[in-house]
Amino acid sequence: MNTSRSRGRTPRTLRAAALAVLLTTGAFTPSASADSARTETPVGTSGGVTETVVRVKAPLPASFGARPAACDWLSYLRYRSSSGPVSSADADRVLVAQPGILEGAGAFDSVARNTVTRAAEQGRHIEFWALDRRSNCLEDRTGIASGDQHSAVDYYYRGKQVQGRTFPGFVGNDKLGWMAKLGIEQTVRDEYDLLAAELPDRGVRKDKVLCGGHSLGGVITGYFAAADFDGDPTTTADAGANQCAGYFALDTTVSTSLGDLSGSIPDDTNLPDVGLGYGVVQAGLDSGLLPRSLSAPVLLNPETMTLLAIAGVGALQDPGGEADLPSYLPANTNIEATNRFLFSKDTATFLTGSPAVKDFRLTNEAILGSLMDDQSVPLAFLQSSVGFFDGGPVTDKNFPVANGSSSQPGLFGTEYKAIPAEPHGPLYTWRNYDRVGDPDDPGYRSSDGTPFTSAGKEVTDIQELARSMAAQPLDFTEQYFPTKLVTDLELATSPQVKRLVVHPDGLTANPTLTVLAGDGLLAGRVPADLHPVVADGYQHLDVLTAAPVQNNGRPEPVSTALTAFARTPR
């Protein structure tokens, strides 16, 4: 039954390659000069969807101190129907999405395209705006935009030039002083300022804009809904709830609490102890004694998160070719620790480093699958369901927890993990989501006889995932996530944060759509009172990355729900 879908995958692969070529050649012309207050740059048009990257000048207050000029701009990816109106104000609806923790605008690529396409099929022209938070201004996409994996590695890790540019290096804490004040107040202010600049008629905003987000983006949307933006709570035209016609939450809830996001922040991040109190934490951020961006020694730091996009470049460049990325990467502590964490089958392998990932033969798609699939990567908030290994025997992955016995399902997920079993053996390929369960599927099983996966649990096309990670002008990840944004939310009961919830009734002032991943962060504790749409088999990232047609032959449920919600009478 999946053969026709496999054949249908080729056009998407070609489109992904075409986007990579556009990024590589720099074949974009901004619609306005860099000195203007707004630029809009074409990214490409495919499948009836036109994508642009929009930048709007919005300088931070002087109190933030010195920062790169790029950080006085706000950016977003704009997706619209190619046959629809050019002006956003003339669209039927505009969906504005806040990304989750450590997440950038590029992560919304698939769900944005799917939603715009589905609405157009029903005669509606909607737009989807995938927001980048301000801190994404620090990222350098030059190496990724080369479209060549070796060039990207050389650029970021060996000091070699790409298009005449040399990578200035990953940004240290001493250069992030301005981010010490980049918390929830400025984040929601940025969204308000962007909406007001792009849709200056508040009546249009109230009539057409749907505000929402993924993961942490649901909490940010909650604070936005409850905020007051003119300093006078008696005037409500500026209230957050009056900028939106409705709210949507993707594997999260619209709230002012982090309680529903258990497992989204690993325990080994460098978050300060909020028990010290708001004043002490803020003083530590201001002085630089505390880290101003969120990171962890394994994977979750700028140096290693860049590897995800580089793996995406390889998967687009030569999907079935044998990967040399593990051996081509330089040897350093961050990369070695990340490789051991992600590719060790047990504790002994992690400690000894043998066999290492470079001892296995993997295609470029298999490398990306290893980094992002729920049967491989242990961290639940990074998991998607993109298929499974193929081409050789696999074995249980019992690190960092034993298979089938996770004591922290919110952090590590509940899917059985697998890893190639034979170093220096066969070339391991990747079986895409829509080929799982086909007649030639080996049907790999865990040592206890449990199938590692099934067709109903695979929902994301690996080439679409690669496109989102490597062929977008704005990143899939957020390499410099502001520590203050999390500490503010963890200190929600402190007077300094509590004062931001000026209009608490704003949380329920508009209709809300809640869409949850069936196997995501809220699995097993779905808030029934929200009457959520549950996408069965989905992991936390799948609500953003899932393919438009699923293995049951039905349309993708997240974009289907968003499209229906966008049709709600105004």
Side-chain angles (χ1 to χ4, degrees), residues 1-2 5-6 263 311 315 341-347 349-350 355 357 360-363 365-423 425-462 465 517-520 523-524 535-542 545-547 550-552:
M1 65 174 178
N2 292 336
R5 289 195 297 276
S6 297
F341 181 77
L342 293 178
F343 291 96
S344 292
K345 70 174 182 178
D346 51 32
T347 303
T349 304
F350 177 76
V357 60
F360 294 87
R361 299 179 61 212
L362 301 163
T363 64
E365 276 192 340
I367 288 287
L368 181 60
S370 299
L371 292 171
M372 298 298 296
D373 187 64
D374 56 346
Q375 269 81 43
S376 181
V377 65
L379 299 174
F381 70 95
L382 280 176
Q383 293 175 351
S384 56
S385 308
V386 293
F388 198 71
F389 294 105
D390 206 347
V394 297
T395 189
D396 291 77
K397 182 178 180 180
N398 292 304
F399 180 85
V401 295
N403 241 350
S405 61
S406 174
S407 60
Q408 293 180 275
L411 177 60
F412 295 119
T414 58
E415 299 301 314
Y416 274 58
K417 307 297 185 289
I419 197 165
E422 292 188 2
L427 177 63
Y428 283 89
T429 59
W430 193 257
R431 179 171 289 266
N432 202 11
Y433 87 105
D434 58 354
R435 293 185 56 238
V436 171
D438 275 2
D440 65 342
D441 188 340
Y444 295 105
R445 292 176 178 268
S446 173
S447 59
D448 67 2
T450 302
F452 280 113
T453 190
S454 63
K457 285 186 171 289
E458 301 301 332
V459 303
T460 291
D461 186 298
I462 195 164
L465 179 63
D519 295 330
D536 293 332
Y538 278 43
Q539 297 292 341
H540 187 54
L541 283 181
D542 287 323
T545 62
Q550 291 296 290
N551 279 327
N552 57 10

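Side chains are part of it too, since the values below use all heavy atoms of this structure and drop only hydrogens, waters and symmetry mates. Along the sequence shown, the residues carry numbers beginning at 1.
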Discussion item. I'd like to check Pro393 versus Glu422 (side-chain heavy atoms, cut-off strictly below 4.5 Å). Are they in contact?
Written reply: yes
Worksheet item: Under 3.5 Å, is there a donor-acceptor pair between the Thr429 and Asp390 side chains?
Response: no
Worksheet item: Salt bridge check: are Arg431 and Asp440 linked by an N-O gap of less than 4.0 Å?
Response: yes
Worksheet item: What are the two closest heavy atoms between Val386 and Gly369, and how far apart are they?
Response: CG2-CA, 4.3 Å
Item to complete: With the side chain counted from C-beta on, respond yes when Lys397 and Gln375 share a heavy-atom pair under 4.5 Å apart, and no when they do not.
Response: no
Discussion item. Run the side-chain hydrogen bond (donor to acceptor under 3.5 Å, both in side chains) test on Thr453 and Glu415 for me, step by step, so that the C-alpha distance in whole Å, both residues' side-chain angles and the decisive distance to 0.1 Å come before the verdict.
Written reply: CA-CA 8 Å; Thr453 190; Glu415 299 301 314; 5.8 Å; no
Worksheet item: Any side-chain heavy-atom pair from Arg445 and Pro451 closer than 4.5 angstrom?
Response: yes
Worksheet entry | Ala421 backbone acceptor or donor facing Tyr428 side chain under 3.5 Å | yes
Worksheet item: Are any side-chain N or O atoms of Tyr433 and backbone N or O atoms of Ala547, one a donor and one an acceptor, separated by less than 3.5 Å?
Response: no
Item to complete: Report yes if the side chains of Ile419 and Val394 come closer than 4.5 Å at any heavy-atom pair, otherwise no.
Response: no
Worksheet item: How are the rings of Phe399 and Phe350 set relative to one another: parallel (under 30°), tilted (30 to 60°) or perpendicular (over 60°)?
Response: parallel
Practice prompt. Kindly state whether the ring of Phe388 and the ring of Phe452 have centres lying under 6.0 angstrom apart.
Written response: yes
Worksheet item: Under 3.5 Å, side chain of Tyr444 to main-chain N/O of Gly392, donor-acceptor pair present?
Response: yes
Fill in: Side-chain (Asp441) to main-chain (Gly443) donor-acceptor, under 3.5 angstrom
yes
Worksheet entry | Salt bridge present between Lys457 and Asp519 (N-O < 4.0 angstrom) | yes
Worksheet item: Counting distance only, does the side-chain N/O of Ser384 pair as donor-acceptor with the main-chain N or O of Met372 below 3.5 Å?
Response: yes
Fill in: Stepwise side-chain contact (heavy atoms from CB on, under 4.5 Å) check, Asn551 with Val459
CA-CA 7 Å; Asn551 279 327; Val459 303; over 6 Å; no
Discussion item. Applying the side chain to side chain donor-acceptor pair (under 3.5 Å) criterion to Tyr416, which one of Asp448, Asp396, Asp374, Asn403 satisfies it?
Written reply: Asp448
Worksheet item: Are Pro378 and Leu342 side-chain neighbours, meaning at least one heavy-atom pair lies under 4.5 Å?
Response: yes
Worksheet item: Distance-only, no hydrogens or angles: does the Gln539 side chain make a donor-acceptor pair with backbone N or O of Gly520 under 3.5 Å?
Response: no
Discussion item. Can you give me the closest heavy-atom contact between Val377 and Gln383, atom names plus distance?
Written reply: O-NE2, 2.9 Å
Worksheet, complete the sentence: Here the gap from Leu465 atom CG to Asp373 atom CG, rounded to the nearest 0.5 Å, amounts to 9.5 Å
Fill in: Under 3.5 Å side-chain donor-acceptor pair for Asp346 and Asn398
no
Worksheet item: Do Thr545 and Thr460 have a side chain donor and acceptor closer than 3.5 Å?
Response: yes
Item to complete: Identify the heavy atoms of Ser385 and Asp542 that sit nearest to each other, and give their distance.
Response: OG-OD2, 2.7 Å
Discussion item. Is the shortest side-chain heavy-atom distance between Leu371 and Ser376 below 4.5 Å?
Written reply: no
Worksheet item: Hey, does the side chain of Ser446 reach the backbone of Gly449 with a donor-acceptor pair shorter than 3.5 angstrom?
Response: no
Worksheet entry | Side chain to side chain, Ser370 and Phe343, heavy atoms closer than 4.5 Å | yes
Worksheet item: Which atom names give the shortest non-hydrogen contact between Pro355 and Thr349, and what distance separates them?
Response: O-CG2, 3.5 Å
Item to complete: Taking the side chain as every heavy atom from C-beta outward, state whether Val357 and Leu362 have any pair of such atoms under 4.5 Å apart.
Response: yes
